[in-house]
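Only heavy atoms go into these numbers, but all of them, side chains included; no hydrogens, no water, no symmetry mates.
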Amino acid sequence: MNTTKTKICSSCESTFSCGDISFEKKCWCNDYPPIFNLSDGADCLCPVCFKEACEDKIEAYVETITPKTALKNKAISLPKNDKLLEGIDYYIENGNYVFKAWFHLKRGSCCGNDCRHCPYK
């Protein structure tokens with residue numbers, strides 16, 4: 001079952017491969033949180049544009065979160081994915097992983113380690 005297609009990014013117009021390779025190996029976009037609905041007439045974004053769009057949408061959402069609203073945020077109810085995405089779940093600073101607010105929101109509670117980007121405190 002190879003349902004991959006060559007597509008043109010609706011943002012940057014670059015070509016890219018999109019679709020499931022097999023039942024076990026899904027499209028690269030399945031690694032990202034399901035936070036988008038394609039608007040009418042819009043098509044897929046390439047991996048670079050899609051990641052940037054996800055980062056922008058997540059950052060805008062995180063800015064609306066307060067410690068009180070963090071406990072019932074939308075990220076908790078999204079399907080669980082063990083794969084961490086650089087730029088979305090974390091960034092690297094001086095060789096160390098720094099977890100972003102989105103990572104903490106997906107977990108659903110404060111871990112008590114006084115994390116830099118903890119949305120719960």
Side-chain angles (χ1 to χ4, degrees):
M1 166 199 157
N2 185 340
T3 60
T4 59
K5 298 176 184 171
T6 299
K7 293 196 169 195
I8 297 175
C9 178
S10 59
S11 180
C12 72
E13 299 183 1
S14 66
T15 59
F16 65 99
S17 179
C18 181
D20 296 343
I21 295 169
S22 68
F23 287 113
E24 297 82 28
K25 185 150 175 60
K26 299 293 183 187
C27 184
W28 57 267
C29 67
N30 284 300
D31 291 337
Y32 288 84
I35 57 174
F36 286 105
N37 290 328
L38 289 175
S39 58
D40 291 336
D43 203 352
C44 297
L45 297 173
C46 71
V48 172
C49 291
F50 191 80
K51 181 179 179 189
E52 289 175 3
C54 278
E55 289 172 343
D56 291 347
K57 189 163 187 170
I58 288 169
E59 289 300 320
Y61 176 70
V62 166
E63 287 178 13
T64 69
I65 297 294
T66 65
K68 185 176 180 179
T69 61
L71 295 171
K72 294 184 180 180
N73 76 83
K74 293 177 184 179
I76 296 169
S77 62
L78 293 176
K80 302 300 179 209
N81 184 343
D82 292 334
K83 185 172 182 178
L84 298 178
L85 298 169
E86 186 172 2
I88 292 177
D89 294 306
Y90 71 94
Y91 59 90
I92 297 176
E93 180 179 274
N94 299 322
N96 297 311
Y97 284 71
V98 179
F99 292 104
K100 297 178 76 172
W102 182 253
F103 171 83
H104 299 294
L105 289 171
K106 289 190 314 184
R107 186 179 53 239
S109 63
C110 179
C111 64
N113 289 326
D114 197 29
C115 298
R116 182 185 305 176
H117 301 291
C118 181
Y120 300 100
K121 58 180 186 166

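Taking CH2 from W102 and CD from E55, the interatomic distance works out to 12.5 Å, rounded to the nearest 0.5 Å. Here the straight-line distance linking atom CG of L105 with atom NZ of K100 works out to 12.0 Å at 0.5 Å rounding. Atom-to-atom distance recorded for C115:SG and R107:CZ is 6.0 Å, nearest 0.5 angstrom. A distance of 12.5 Å separates CD1 of I58 from CD of E63, quoted to the nearest 0.5 Å.
The shortest non-hydrogen separation linking S109 to Y120 is N-OH, 3.3 Å. Of all non-hydrogen atoms in R116 and E93, the two that sit nearest each other are NH2-OE2, 2.8 Å. The nearest pair of heavy atoms linking I88 to C54 is CD1-CB, 3.8 Å. Across all non-hydrogen atoms, the minimal contact from A70 to I76 is O-CD1, 4.1 Å.
The hydrophobic cluster containing Y97 also includes L84, Y90, I92, F99, F103, under a criterion of side-chain heavy atoms closer than 4.5 Å among ILVMFWY residues, counted directly or through chains of members.
Under the rule for a salt bridge (charged side-chain N to carboxylate O under 4.0 Å, His left out), the partners of D114 that lie at least two apart in sequence or sit in another chain are K121. Legend: residues meeting ring pair (Phe, Tyr, Trp, His ring centres under 6.0 Å) with Y91, ordered by chain and number and at least two apart, are H117. Every residue was checked against the salt bridge (charged side-chain N to carboxylate O under 4.0 Å, His left out) condition with K68, not counting sequence neighbours, and none meets it.
Residue pairs meeting the salt bridge (Lys or Arg N to Asp or Glu O under 4.0 Å) criterion with at least one partner in residues 71-82, sequence neighbours excluded, are absent.
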Compile the donor-acceptor pairs under 3.5 Å between side chains in residues 29-36 and protein atoms, sequence neighbours left out, one pair per line.
unit_1 : atom_1 : unit_2 : atom_2 : d
N30    : ND2    : C27    : O      : 3.4
D31    : OD2    : K83    : NZ     : 3.0

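No donor-acceptor distance shorter than 3.5 angstrom exists from the side chain of N94 to the backbone of N96, with no hydrogens or angles considered.
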